[in-house]
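Working notes, structure below.
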There are 2 protein chains.
Amino acid sequence: MTKKDEFDLQDFLPYLLNQAAEESSMAFQQVYKGRYGMLRTEWRVLFHLGNYGQMTAKEIGTRAKIHKTKISRAVRKLEQRRFLTRTKDEQDRRVEHLTLTSFGQAAYRDLHSVAQTYDQKLSALFPAAEAKMLRYMLRRLAGSE
Amino acid sequence: MTKKDEFDLQDFLPYLLNQAAEESSMAFQQVYKGRYGMLRTEWRVLFHLGNYGQMTAKEIGTRAKIHKTKISRAVRKLEQRRFLTRTKDEQDRRVEHLTLTSFGQAAYRDLHSVAQTYDQKLSALFPAAEAKMLRYMLRRLAGSE
DNA sequence: GGTTGTTAGTTACAAAATCAACTATTAGGT
DNA sequence: ACCTAATAGTTGATTTTGTAACTAACAACC
(Lines give C-alpha, C1' and ligand atoms only; values in the text may rest on other atoms or scores of the structure.)
Protein backbone atom coordinates (compact mmCIF):
# COMPACT_ATOMS: atom_id res chain seq x y z
CA MET A 1 0.00 0.00 0.00
CA THR A 2 2.64 2.51 0.99
CA LYS A 3 5.39 3.59 -1.33
CA LYS A 4 8.23 2.19 0.73
CA ASP A 5 6.66 -1.22 0.31
CA GLU A 6 9.55 -2.59 -1.69
CA PHE A 7 7.83 -5.70 -2.87
CA ASP A 8 5.93 -5.00 -6.07
CA LEU A 9 3.61 -7.51 -7.66
CA GLN A 10 5.58 -7.08 -10.86
CA ASP A 11 8.59 -8.56 -9.11
CA PHE A 12 6.85 -11.59 -7.67
CA LEU A 13 8.31 -14.58 -9.48
CA PRO A 14 5.24 -16.83 -9.56
CA TYR A 15 3.29 -13.91 -11.01
CA LEU A 16 5.91 -13.14 -13.62
CA LEU A 17 6.24 -16.78 -14.53
CA ASN A 18 2.53 -17.07 -14.93
CA GLN A 19 2.30 -14.00 -17.13
CA ALA A 20 5.16 -15.09 -19.33
CA ALA A 21 3.84 -18.65 -19.58
CA GLU A 22 0.37 -17.45 -20.43
CA GLU A 23 1.56 -15.04 -23.05
CA SER A 24 3.80 -17.55 -24.75
CA SER A 25 1.36 -20.42 -24.74
CA MET A 26 -1.57 -18.37 -25.95
CA ALA A 27 0.27 -17.55 -29.14
CA PHE A 28 1.06 -21.17 -29.75
CA GLN A 29 -2.37 -22.42 -28.77
CA GLN A 30 -3.89 -20.78 -31.80
CA VAL A 31 -1.78 -23.01 -34.01
CA TYR A 32 -2.61 -26.43 -32.59
CA LYS A 33 -6.18 -25.43 -31.88
CA GLY A 34 -6.70 -23.88 -35.27
CA ARG A 35 -5.01 -26.56 -37.34
CA TYR A 36 -5.94 -29.71 -35.42
CA GLY A 37 -8.64 -28.71 -32.94
CA MET A 38 -6.42 -29.82 -30.09
CA LEU A 39 -6.60 -28.84 -26.48
CA ARG A 40 -3.52 -27.96 -24.45
CA THR A 41 -3.17 -31.38 -22.85
CA GLU A 42 -3.69 -33.14 -26.15
CA TRP A 43 -0.97 -31.09 -27.73
CA ARG A 44 1.34 -31.87 -24.83
CA VAL A 45 0.70 -35.58 -25.09
CA LEU A 46 1.28 -35.48 -28.82
CA PHE A 47 4.49 -33.58 -28.36
CA HIS A 48 5.77 -36.08 -25.81
CA LEU A 49 5.06 -39.02 -28.06
CA GLY A 50 6.56 -37.28 -31.04
CA ASN A 51 9.59 -36.26 -29.12
CA TYR A 52 10.33 -39.37 -27.10
CA GLY A 53 8.61 -42.07 -29.11
CA GLN A 54 6.39 -44.73 -27.58
CA MET A 55 5.41 -43.99 -23.99
CA THR A 56 2.75 -44.97 -21.48
CA ALA A 57 0.22 -42.55 -20.04
CA LYS A 58 1.93 -42.83 -16.70
CA GLU A 59 5.32 -41.89 -18.10
CA ILE A 60 3.92 -38.82 -19.80
CA GLY A 61 2.13 -37.77 -16.65
CA THR A 62 5.20 -38.15 -14.51
CA ARG A 63 7.47 -36.33 -16.87
CA ALA A 64 5.16 -33.43 -17.61
CA LYS A 65 3.47 -33.35 -14.20
CA ILE A 66 0.03 -33.72 -15.73
CA HIS A 67 -2.67 -35.44 -13.71
CA LYS A 68 -3.64 -38.89 -14.91
CA THR A 69 -7.29 -38.01 -15.53
CA LYS A 70 -6.24 -35.25 -17.89
CA ILE A 71 -3.95 -37.64 -19.71
CA SER A 72 -6.63 -40.28 -19.88
CA ARG A 73 -9.07 -37.93 -21.55
CA ALA A 74 -6.48 -36.46 -23.87
CA VAL A 75 -5.40 -39.93 -24.97
CA ARG A 76 -8.97 -40.96 -25.66
CA LYS A 77 -9.53 -37.93 -27.85
CA LEU A 78 -6.25 -38.36 -29.68
CA GLU A 79 -7.11 -41.98 -30.30
CA GLN A 80 -10.60 -41.15 -31.56
CA ARG A 81 -9.11 -38.68 -33.98
CA ARG A 82 -6.54 -41.23 -35.17
CA PHE A 83 -3.48 -39.41 -33.90
CA LEU A 84 -2.35 -42.39 -31.84
CA THR A 85 -2.98 -46.04 -31.10
CA ARG A 86 -2.77 -48.02 -27.88
CA THR A 87 -1.37 -51.49 -27.39
CA LYS A 88 -1.56 -53.42 -24.16
CA ASP A 89 1.71 -54.48 -22.64
CA GLU A 90 2.08 -58.26 -22.76
CA GLN A 91 3.92 -58.60 -19.47
CA ASP A 92 1.77 -56.17 -17.50
CA ARG A 93 -1.68 -55.82 -18.90
CA ARG A 94 -2.54 -52.74 -16.88
CA VAL A 95 -0.10 -50.78 -19.00
CA GLU A 96 -0.85 -49.32 -22.39
CA HIS A 97 1.83 -48.25 -24.83
CA LEU A 98 0.91 -45.20 -26.83
CA THR A 99 2.23 -44.76 -30.36
CA LEU A 100 1.63 -42.04 -32.90
CA THR A 101 -0.02 -43.08 -36.14
CA SER A 102 1.54 -41.78 -39.32
CA PHE A 103 -1.16 -39.13 -39.27
CA GLY A 104 -0.14 -38.26 -35.72
CA GLN A 105 3.48 -38.12 -36.73
CA ALA A 106 2.68 -35.76 -39.57
CA ALA A 107 0.81 -33.49 -37.16
CA TYR A 108 3.73 -33.66 -34.77
CA ARG A 109 6.24 -32.71 -37.46
CA ASP A 110 4.06 -29.83 -38.55
CA LEU A 111 3.56 -28.46 -35.05
CA HIS A 112 7.12 -29.20 -34.11
CA SER A 113 8.41 -26.98 -36.84
CA VAL A 114 6.11 -24.16 -35.83
CA ALA A 115 7.20 -24.60 -32.23
CA GLN A 116 10.83 -24.51 -33.18
CA THR A 117 10.40 -21.33 -35.14
CA TYR A 118 8.42 -19.74 -32.37
CA ASP A 119 10.98 -20.77 -29.80
CA GLN A 120 13.74 -19.22 -31.86
CA LYS A 121 11.77 -16.01 -32.08
CA LEU A 122 11.38 -15.90 -28.32
CA SER A 123 15.01 -16.78 -27.74
CA ALA A 124 16.07 -14.03 -30.08
CA LEU A 125 14.83 -11.51 -27.56
CA PHE A 126 18.04 -12.17 -25.64
CA PRO A 127 21.71 -12.83 -26.25
CA ALA A 128 22.37 -16.54 -26.73
CA ALA A 129 24.13 -16.99 -23.40
CA GLU A 130 21.26 -15.39 -21.55
CA ALA A 131 18.64 -17.43 -23.36
CA LYS A 132 20.55 -20.51 -22.34
CA MET A 133 20.74 -19.30 -18.77
CA LEU A 134 17.01 -18.67 -18.81
CA ARG A 135 16.29 -22.25 -19.76
CA TYR A 136 18.54 -23.50 -17.04
CA MET A 137 16.84 -21.31 -14.45
CA LEU A 138 13.38 -22.34 -15.56
CA ARG A 139 14.32 -25.98 -15.28
CA ARG A 140 15.50 -25.41 -11.75
CA LEU A 141 12.34 -23.52 -10.86
CA ALA A 142 10.29 -26.35 -12.28
CA GLY A 143 12.11 -28.62 -9.90
CA SER A 144 13.48 -30.88 -12.59
CA GLU A 145 17.11 -30.29 -11.74
CA MET B 1 11.86 -38.96 -33.31
CA THR B 2 15.42 -39.48 -34.43
CA LYS B 3 18.39 -38.71 -32.27
CA LYS B 4 19.70 -35.92 -34.39
CA ASP B 5 16.45 -34.05 -33.83
CA GLU B 6 18.06 -31.15 -31.99
CA PHE B 7 14.89 -29.61 -30.66
CA ASP B 8 13.92 -31.26 -27.40
CA LEU B 9 10.67 -30.60 -25.63
CA GLN B 10 12.68 -29.80 -22.52
CA ASP B 11 14.14 -26.82 -24.33
CA PHE B 12 10.89 -25.38 -25.62
CA LEU B 13 10.42 -22.11 -23.79
CA PRO B 14 6.62 -22.11 -23.54
CA TYR B 15 6.84 -25.60 -22.07
CA LEU B 16 9.52 -24.66 -19.57
CA LEU B 17 7.69 -21.51 -18.62
CA ASN B 18 4.54 -23.45 -18.03
CA GLN B 19 6.28 -26.05 -15.90
CA ALA B 20 8.01 -23.44 -13.79
CA ALA B 21 4.86 -21.36 -13.42
CA GLU B 22 2.81 -24.36 -12.45
CA GLU B 23 5.31 -25.54 -9.90
CA SER B 24 5.68 -22.17 -8.25
CA SER B 25 2.01 -21.30 -8.13
CA MET B 26 0.93 -24.65 -6.81
CA ALA B 27 3.05 -24.17 -3.74
CA PHE B 28 1.57 -20.77 -3.11
CA GLN B 29 -1.98 -21.82 -3.85
CA GLN B 30 -2.07 -23.92 -0.73
CA VAL B 31 -1.58 -20.81 1.36
CA TYR B 32 -4.35 -18.59 0.02
CA LYS B 33 -6.67 -21.51 -0.46
CA GLY B 34 -5.99 -22.93 2.96
CA ARG B 35 -6.10 -19.69 4.92
CA TYR B 36 -8.80 -17.76 3.09
CA GLY B 37 -10.53 -20.25 0.82
CA MET B 38 -9.58 -18.16 -2.18
CA LEU B 39 -9.37 -19.20 -5.79
CA ARG B 40 -6.46 -18.20 -8.02
CA THR B 41 -8.28 -15.32 -9.65
CA GLU B 42 -9.54 -14.04 -6.31
CA TRP B 43 -6.06 -14.04 -4.92
CA ARG B 44 -4.82 -12.18 -7.97
CA VAL B 45 -7.48 -9.51 -7.68
CA LEU B 46 -6.76 -9.11 -3.99
CA PHE B 47 -3.08 -8.78 -4.64
CA HIS B 48 -3.63 -6.11 -7.28
CA LEU B 49 -5.82 -4.05 -5.02
CA GLY B 50 -3.44 -4.44 -2.11
CA ASN B 51 -0.48 -3.55 -4.24
CA TYR B 52 -1.83 -0.69 -6.32
CA GLY B 53 -4.72 0.57 -4.21
CA GLN B 54 -8.14 1.34 -5.64
CA MET B 55 -8.69 -0.01 -9.13
CA THR B 56 -11.53 -0.89 -11.48
CA ALA B 57 -12.25 -4.40 -12.71
CA LYS B 58 -11.21 -3.32 -16.17
CA GLU B 59 -7.86 -2.04 -15.01
CA ILE B 60 -7.08 -5.26 -13.18
CA GLY B 61 -8.09 -7.28 -16.19
CA THR B 62 -5.93 -5.27 -18.53
CA ARG B 63 -2.91 -5.30 -16.33
CA ALA B 64 -3.04 -8.96 -15.40
CA LYS B 65 -4.55 -10.16 -18.69
CA ILE B 66 -7.46 -11.84 -16.94
CA HIS B 67 -10.77 -12.14 -18.77
CA LYS B 68 -13.52 -9.88 -17.52
CA THR B 69 -15.92 -12.68 -16.63
CA LYS B 70 -13.30 -14.21 -14.38
CA ILE B 71 -12.75 -10.85 -12.73
CA SER B 72 -16.46 -10.26 -12.39
CA ARG B 73 -16.98 -13.52 -10.54
CA ALA B 74 -13.90 -13.11 -8.40
CA VAL B 75 -14.98 -9.61 -7.39
CA ARG B 76 -18.43 -10.82 -6.43
CA LYS B 77 -16.98 -13.49 -4.19
CA LEU B 78 -14.47 -11.16 -2.61
CA GLU B 79 -17.27 -8.70 -1.95
CA GLN B 80 -19.52 -11.35 -0.44
CA ARG B 81 -16.73 -12.36 1.87
CA ARG B 82 -16.10 -8.74 2.87
CA PHE B 83 -12.63 -8.48 1.39
CA LEU B 84 -13.57 -5.49 -0.75
CA THR B 85 -16.27 -2.94 -1.47
CA ARG B 86 -17.45 -1.37 -4.72
CA THR B 87 -18.38 2.23 -5.34
CA LYS B 88 -19.86 3.53 -8.55
CA ASP B 89 -17.92 6.23 -10.32
CA GLU B 90 -19.87 9.51 -10.28
CA GLN B 91 -18.74 10.68 -13.70
CA ASP B 92 -19.13 7.36 -15.49
CA ARG B 93 -21.65 5.13 -13.83
CA ARG B 94 -20.63 2.05 -15.75
CA VAL B 95 -17.40 2.01 -13.81
CA GLU B 96 -16.96 0.55 -10.34
CA HIS B 97 -14.04 1.36 -8.10
CA LEU B 98 -12.86 -1.54 -6.00
CA THR B 99 -11.34 -0.97 -2.58
CA LEU B 100 -10.10 -3.41 0.01
CA THR B 101 -11.85 -3.37 3.37
CA SER B 102 -9.65 -3.38 6.45
CA PHE B 103 -10.30 -7.10 6.58
CA GLY B 104 -9.15 -7.37 2.99
CA GLN B 105 -6.06 -5.34 3.75
CA ALA B 106 -5.20 -7.59 6.64
CA ALA B 107 -5.51 -10.63 4.38
CA TYR B 108 -3.36 -8.89 1.82
CA ARG B 109 -0.64 -8.09 4.31
CA ASP B 110 -0.67 -11.64 5.56
CA LEU B 111 -0.45 -13.20 2.12
CA HIS B 112 1.96 -10.57 0.95
CA SER B 113 4.44 -11.49 3.62
CA VAL B 114 4.17 -15.17 2.75
CA ALA B 115 4.62 -14.29 -0.91
CA GLN B 116 7.66 -12.21 -0.17
CA THR B 117 9.27 -14.98 1.81
CA TYR B 118 8.49 -17.49 -0.88
CA ASP B 119 9.84 -15.22 -3.55
CA GLN B 120 13.06 -14.82 -1.65
CA LYS B 121 13.36 -18.56 -1.34
CA LEU B 122 12.97 -18.97 -5.10
CA SER B 123 15.36 -16.13 -5.82
CA ALA B 124 17.92 -17.68 -3.56
CA LEU B 125 18.30 -20.49 -6.04
CA PHE B 126 20.40 -18.10 -8.11
CA PRO B 127 23.02 -15.39 -7.63
CA ALA B 128 21.38 -11.99 -7.15
CA ALA B 129 22.38 -10.66 -10.54
CA GLU B 130 20.93 -13.64 -12.28
CA ALA B 131 17.69 -13.53 -10.34
CA LYS B 132 17.37 -9.93 -11.42
CA MET B 133 18.07 -10.86 -14.99
CA LEU B 134 15.46 -13.56 -14.79
CA ARG B 135 12.80 -11.06 -13.76
CA TYR B 136 13.73 -8.78 -16.58
CA MET B 137 13.56 -11.59 -19.11
CA LEU B 138 10.21 -12.79 -17.83
CA ARG B 139 8.80 -9.29 -18.10
CA ARG B 140 9.92 -9.13 -21.69
CA LEU B 141 8.45 -12.52 -22.46
CA ALA B 142 5.19 -11.42 -20.89
CA GLY B 143 5.21 -8.56 -23.32
CA SER B 144 5.10 -5.89 -20.66
CA GLU B 145 8.34 -4.23 -21.69
C1' DG C 1 -2.97 -69.84 -2.22
C1' DG C 2 -5.51 -66.28 -0.02
C1' DT C 3 -5.34 -61.62 1.97
C1' DT C 4 -3.65 -57.05 1.71
C1' DG C 5 -1.49 -53.38 -0.68
C1' DT C 6 -0.17 -50.96 -4.97
C1' DT C 7 -0.39 -49.44 -9.54
C1' DA C 8 -2.42 -48.06 -14.47
C1' DG C 9 -6.02 -46.23 -16.12
C1' DT C 10 -11.20 -44.88 -16.21
C1' DT C 11 -15.47 -42.80 -14.77
C1' DA C 12 -18.87 -39.88 -12.24
C1' DC C 13 -19.93 -35.79 -10.10
C1' DA C 14 -18.77 -31.17 -8.57
C1' DA C 15 -16.12 -26.93 -9.45
C1' DA C 16 -14.33 -23.66 -12.55
C1' DA C 17 -13.20 -21.63 -17.05
C1' DT C 18 -14.78 -20.23 -21.59
C1' DC C 19 -17.74 -18.08 -24.96
C1' DA C 20 -21.64 -15.64 -26.50
C1' DA C 21 -25.28 -12.94 -25.56
C1' DC C 22 -27.07 -9.59 -22.54
C1' DT C 23 -27.94 -4.78 -19.73
C1' DA C 24 -26.78 -0.29 -18.78
C1' DT C 25 -24.28 3.63 -19.78
C1' DT C 26 -21.42 6.75 -22.43
C1' DA C 27 -19.38 8.69 -26.85
C1' DG C 28 -19.53 10.19 -31.59
C1' DG C 29 -21.27 11.59 -35.65
C1' DT C 30 -24.80 13.77 -38.38
C1' DA D 1 -31.91 15.44 -30.55
C1' DC D 2 -31.15 10.85 -32.75
C1' DC D 3 -28.98 6.91 -34.35
C1' DT D 4 -25.01 3.95 -34.13
C1' DA D 5 -21.04 2.24 -32.02
C1' DA D 6 -18.28 1.35 -28.06
C1' DT D 7 -17.44 0.24 -23.17
C1' DA D 8 -17.95 -1.75 -18.12
C1' DG D 9 -19.66 -5.25 -16.22
C1' DT D 10 -23.02 -9.39 -15.68
C1' DT D 11 -25.36 -13.69 -16.74
C1' DG D 12 -26.35 -18.29 -18.82
C1' DA D 13 -25.09 -22.26 -21.50
C1' DT D 14 -21.36 -25.20 -22.74
C1' DT D 15 -16.79 -27.08 -22.13
C1' DT D 16 -12.99 -28.33 -19.39
C1' DT D 17 -10.90 -29.35 -15.11
C1' DG D 18 -10.42 -31.30 -10.47
C1' DT D 19 -11.58 -34.66 -6.84
C1' DA D 20 -12.78 -39.05 -5.35
C1' DA D 21 -14.21 -43.30 -5.98
C1' DC D 22 -13.87 -47.02 -8.98
C1' DT D 23 -12.11 -51.42 -11.98
C1' DA D 24 -8.65 -54.42 -13.34
C1' DA D 25 -4.23 -56.27 -12.97
C1' DC D 26 -0.16 -57.25 -10.48
C1' DA D 27 2.96 -57.84 -6.17
C1' DA D 28 4.19 -59.28 -1.72
C1' DC D 29 3.65 -61.35 2.32
C1' DC D 30 2.33 -64.77 5.49
Side-chain angles (χ1 to χ4, degrees), chain A residues 18-19 21-23 25-27 29-30 32-34 36-46 48-49 54-81 84-99, chain B residues 18 21-23 25-30 32-34 36-46 48-49 54-81 84-99:
Chain A
N18 188 72
Q19 295 290 100
E22 207 53 33
E23 178 70 21
S25 52
M26 279 324 242
Q29 175 167 351
Q30 301 195 307
Y32 57 76
K33 197 175 174 182
Y36 301 97
M38 282 185 201
L39 258 28
R40 192 124 132 202
T41 310
E42 291 159 30
W43 142 250
R44 294 236 243 150
V45 168
L46 183 96
H48 272 81
L49 293 174
Q54 188 182 77
M55 292 180 87
T56 70
K58 185 72 209 297
E59 286 165 351
I60 298 175
T62 303
R63 198 185 284 256
K65 294 203 197 96
I66 303 175
H67 196 271
K68 58 183 181 173
T69 61
K70 268 168 119 175
I71 306 258
S72 175
R73 292 190 258 243
V75 166
R76 182 170 53 196
K77 231 174 208 164
L78 288 170
E79 187 192 29
Q80 283 169 353
R81 298 187 186 168
L84 60 79
T85 55
R86 327 187 194 205
T87 47
K88 280 218 183 290
D89 185 286
E90 280 307 313
Q91 271 65 50
D92 184 344
R93 276 176 329 205
R94 289 170 303 183
V95 175
E96 288 178 343
H97 298 283
L98 308 172
T99 322
Chain B
N18 187 74
E22 206 54 32
E23 179 70 21
S25 52
M26 280 323 245
F28 198 64
Q29 174 167 354
Q30 302 195 308
Y32 58 74
K33 196 174 176 185
Y36 299 98
M38 282 185 201
L39 258 28
R40 190 124 134 202
T41 310
E42 292 159 29
W43 141 250
R44 294 235 245 151
V45 167
L46 183 96
H48 273 80
L49 293 173
Q54 190 181 73
M55 292 179 88
T56 70
K58 185 72 209 295
E59 287 164 351
I60 297 175
T62 303
R63 198 185 283 257
K65 296 204 195 92
I66 303 175
H67 196 270
K68 58 182 181 173
T69 61
K70 266 165 119 176
I71 305 259
S72 175
R73 283 167 174 133
V75 166
R76 182 170 53 196
K77 234 177 205 162
L78 289 171
E79 188 192 28
Q80 284 169 353
R81 297 187 185 170
L84 61 78
T85 55
R86 326 187 194 207
T87 48
K88 279 216 183 293
D89 184 287
E90 280 307 313
Q91 271 65 50
D92 184 344
R93 276 176 330 206
R94 289 170 303 185
V95 175
E96 289 179 343
H97 298 283
L98 307 172
T99 323

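Just so we're on the same page: letters track the sequence lines, and every chain starts at 1.
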Mind calculating the distance between [atom1] ([X]) and [atom2] ([N]) to the nearest angstrom?
X       : N      : atom1 : atom2 : value
A/Arg94 : D/dA25 : CZ    : P     : 10 Å
A/Ile66 : C/dT10 : CD1   : P     : 14 Å
A/Lys65 : D/dG18 : NZ    : P     : 15 Å
B/His67 : D/dT11 : NE2   : P     : 15 Å
B/Arg63 : D/dA8  : CZ    : C1'   : 18 Å
A/Leu78 : C/dG9  : CG    : P     : 15 Å
B/Lys58 : C/dT25 : NZ    : C1'   : 15 Å
B/Glu79 : D/dG9  : CD    : C1'   : 13 Å

Taking the nucleotide of DNA chain C with the nearest heavy atom to each, does A/Arg76 or A/Met26 sit closer to the 5' end? A/Arg76

Residue whose nearest DNA chain C nucleotide is more 5′ - A/Thr69 or A/Val95: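 In this pair, the answer is A/Val95.
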
Among A/Leu78, A/Ile71, A/Leu84, which residue meets the side chain to side chain contact (heavy atoms under 4.5 Å, CB included) test with A/Glu42?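 The passing option is A/Leu78.
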
Within the modelled atom types, does a donor on one side and an acceptor on the other bring the side chain of B/Arg93 and the base of C/dT25 under 3.5 Å apart?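 Not at all, since no donor on one side and acceptor on the other fall under 3.5 Å apart.
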
For [N], does either OP1 or OP2 sit under 4.0 Å from a side-chain N or O belonging to [X]?
X       : N      : value
A/Arg73 : C/dT11 : no
A/Lys77 : D/dT16 : yes
B/Lys68 : D/dG9  : no
B/Ser72 : D/dT10 : yes
A/Lys70 : D/dG18 : yes

Could you check whether [X] gets within reach of a base, just the sugar-phosphate, or nothing at all, counting any heavy atom under 4.0 Å?
X       : value
A/Gln91 : sugar-phosphate
A/Arg40 : nothing
A/Ile71 : nothing

Which residue lies toward the 5' end of DNA chain D, A/Leu39 or B/Gln29, if each is placed at its nearest nucleotide?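 Closest to the 5' end, via its nearest nucleotide, is A/Leu39.
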
Is there a side-chain contact between B/Arg40 and B/Tyr32, using heavy atoms and a 4.5 Å cut-off?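 The answer is yes; the side chains approach within 4.5 Å.
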
So A/Leu98 and A/Ile60, do their side chains get closer than 4.5 Å, heavy atoms only?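 Result yes, sub-4.5 Å side-chain heavy-atom pair found.
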
Looking only at non-hydrogen atoms, find the nearest pair between B/Arg81 and B/Tyr36 and report the distance. NH1-O, 3.8 Å

Could you pull out the closest heavy-atom pair between B/Arg44 and B/Ala64, with the gap in Å? NH1-O, 3.8 Å

Which nucleotide sits closest to the side chain of [X]: [options]?
X       : options                : answer
A/Arg86 : D/dT19, C/dG9, D/dT10  : C/dG9
A/Asp92 : C/dC19, C/dT26, D/dA25 : D/dA25
B/Glu96 : C/dC19, C/dG9, D/dG9   : D/dG9

Show the numbers, then the answer: is there a salt bridge (charged side-chain N to carboxylate O under 4.0 Å, His left out) between A/Glu79 and A/Arg86? CA-CA 8 Å; A/Glu79 187 192 29; A/Arg86 327 187 194 205; 3.1 Å; yes

